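Have a look at the structure below before the remarks.
Here the structure is a predicted model, which means the values were calculated and not measured. Order of listing sets the numbers, starting from 1, for every ligand and every atom in it.
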Amino acid sequence: MTNNNMYFIANWKMFGKLSSINSINKVIKLSKSNEFSKTKIIYCPPYTLLKDFVQKTKKTKISIGAQDCHYENNYGPFTGSINAKQIKNTGANYTIVGHSEKRSAGDTNIIVNKKVICSLREKLNVILCIGETLKEKQKGMTTKIINKQLEICLKNIKDLKKVIIAYEPVWSIGTGKVLKVEDLNVILKKIKIFLKKKYKIKNPKVLYGGSVNSKNILILNKANEINGFLIGSASQKENIFVDILKKSIN
Ligand code: PGA
């Protein structure tokens, strides 16, 4: 894959303070170069920094997203939560939903489905994370699990134009382990076939996430079906993220 139209989503998780905003300067500069004119770079900082990131990237093509949203769209007594309306109100345009770190804290496929609906209602683009655990992989259940996640998380959603799928095997997140590129390609293809058949969309966007770094990007990027990457820890270190972006250009 060349990186034309590729997505690079930086998931900062629970990292970053106000001064961290200066650590995206090199990425901003890179995003303005011709080589990256079609590359979609999206920063997902913690909620506390959303507005600052929106401000900082105002005159650039970089987009900003949240890492989650509440499953209710109305304002209400949900201490500690943020809804899609509030995210949109910061100027962000994306939200991640269904991340395995939220699923392991209680988000079921049904809850994730509500979050997708709320986000789309607020005209946010959705990055829907799916992926199997190590146990499920060992039992040969990968396809069954991801099909079920897609089926339930996307229930009653008619227009998938604003939905991007991020395939993130749970056993790969933060572990340094990644799939063989051939295996990755097979799974990406299966996800696309499922989406094309069920939702009749022509060009589904499917990304990979889990331990992406400046070394394995060269190999992972060889997967023909890949449309981009969701990157956690490596996206928080500016030089590494820049390296990943540069290496993704063939
Ligand atoms: P990682 O995280 O790149 O640090 O493995 C990916 C993610 O959780 O989205």
Side-chain angles (χ1 to χ4, degrees), residues 3 6-16 20 23-24 27 40-47 49-50 53 62-69 87 92 94-107 109 112 115-116 119 124-134 136-137 142 145-146 149-150 153 163-181 183-184 187-188 191 205-221 223 226-248:
N3 96 354
M6 287 274 272
Y7 287 81
F8 291 84
I9 302 176
N11 175 13
W12 273 25
K13 309 193 178 195
M14 199 172 71
F15 292 93
S20 314
S23 77
I24 71 168
V27 176
K40 297 186 169 55
I41 300 171
I42 302 155
Y43 271 98
C44 298
Y47 292 135
L49 299 178
L50 278 177
F53 268 68
I62 295 176
S63 302
I64 303 303
Q67 297 170 16
D68 189 32
C69 68
I87 291 165
Y94 284 80
T95 185
I96 297 173
V97 296
H99 191 281
S100 72
E101 285 152 16
K102 295 303 295 179
R103 288 181 188 263
S104 62
D107 278 13
N109 286 325
V112 176
K115 292 184 175 190
V116 176
S119 304
L124 288 165
N125 296 283
V126 171
I127 301 149
L128 169 63
C129 300
I130 56 169
E132 81 286 4
T133 63
L134 183 59
E136 290 161 347
K137 178 183 160 66
T142 300
I145 291 295
I146 57 181
Q149 289 173 333
L150 288 171
C153 296
V163 180
I164 299 163
I165 307 298
Y167 170 60
E168 297 208 300
V170 182
W171 52 268
S172 174
I173 295 174
T175 61
K177 293 184 186 137
V178 293
L179 297 93
K180 285 195 194 123
V181 69
D183 296 342
L184 172 60
I187 295 177
L188 296 175
I191 295 171
K205 303 263 181 295
V206 187
L207 320 184
Y208 169 77
S211 295
V212 176
N213 61 35
S214 54
K215 286 196 185 105
N216 60 29
I217 186 73
L218 289 170
I219 300 163
L220 293 169
N221 205 28
I226 197 87
N227 298 117
F229 299 93
L230 176 47
I231 308 168
S233 68
S235 73
Q236 295 149 28
K237 299 169 196 97
E238 183 169 40
N239 288 339
I240 297 179
F241 195 39
V242 165
D243 209 20
I244 290 174
L245 289 165
K246 284 185 177 168
K247 282 181 177 165
S248 69

Do any heavy atoms of A234 fall under 4.0 Å from ligand 1?
no
What atoms of ligand 1 come closer than 4.0 angstrom to any heavy atom of G210?
5 (O)
For G174 and ligand 1, does the shortest N/O to N/O distance drop below 3.5 Å?
yes
Set out, in order, the CA-CA distance, both residues' side-chain angles and the distance that settles side chain to side chain contact (heavy atoms under 4.5 Å, CB included) for Q67 and M14, then state yes or no.
CA-CA 10 Å; Q67 297 170 16; M14 199 172 71; over 6 Å; no
Verify side chain to side chain contact (heavy atoms under 4.5 Å, CB included) between N125 and I42, making sure each step is shown before the conclusion.
CA-CA 11 Å; N125 296 283; I42 302 155; over 6 Å; no
Scan V112, I96, T95 and name whichever one has a side-chain contact (heavy atoms from CB on, under 4.5 Å) with L128.
V112
Numbered atoms of ligand 1 (with element) below 4.0 Å of I173, judged on heavy atoms
2 (O), 5 (O), 8 (O)
Considering all heavy atoms, the nearest V170-T133 contact:
CB-CA, 3.9 Å
Is any side-chain heavy atom of D68 less than 4.5 Å from a side-chain heavy atom of K115?
yes
Can you tell if the side chain of K247 reaches within under 4.5 Å of the side chain of S214, non-hydrogen atoms only?
yes
Which of the atoms in ligand 1, numbered in the order shown and given with their element, are less than 4.0 Å from a heavy-atom of L230?
9 (O)
So do Y167 and L179 actually touch side chain to side chain, heavy atoms under 4.5 Å?
yes
Heavy-atom nearest neighbour in the protein, as seen from atom 4 (O) of ligand 1, with distance rounded to 0.1 Å:
S233 N, 3.0 Å
So between E101, K13, E168, whose heavy atom ends up nearest atom 2 (O) of ligand 1?
K13
The protein heavy atom nearest to atom 3 (O) of ligand 1 is G232 N, 2.9 Å
For H99, counting its heavy atoms only, list the atoms of ligand 1 lying under 4.0 Å from any of them.
7 (C), 8 (O), 9 (O)
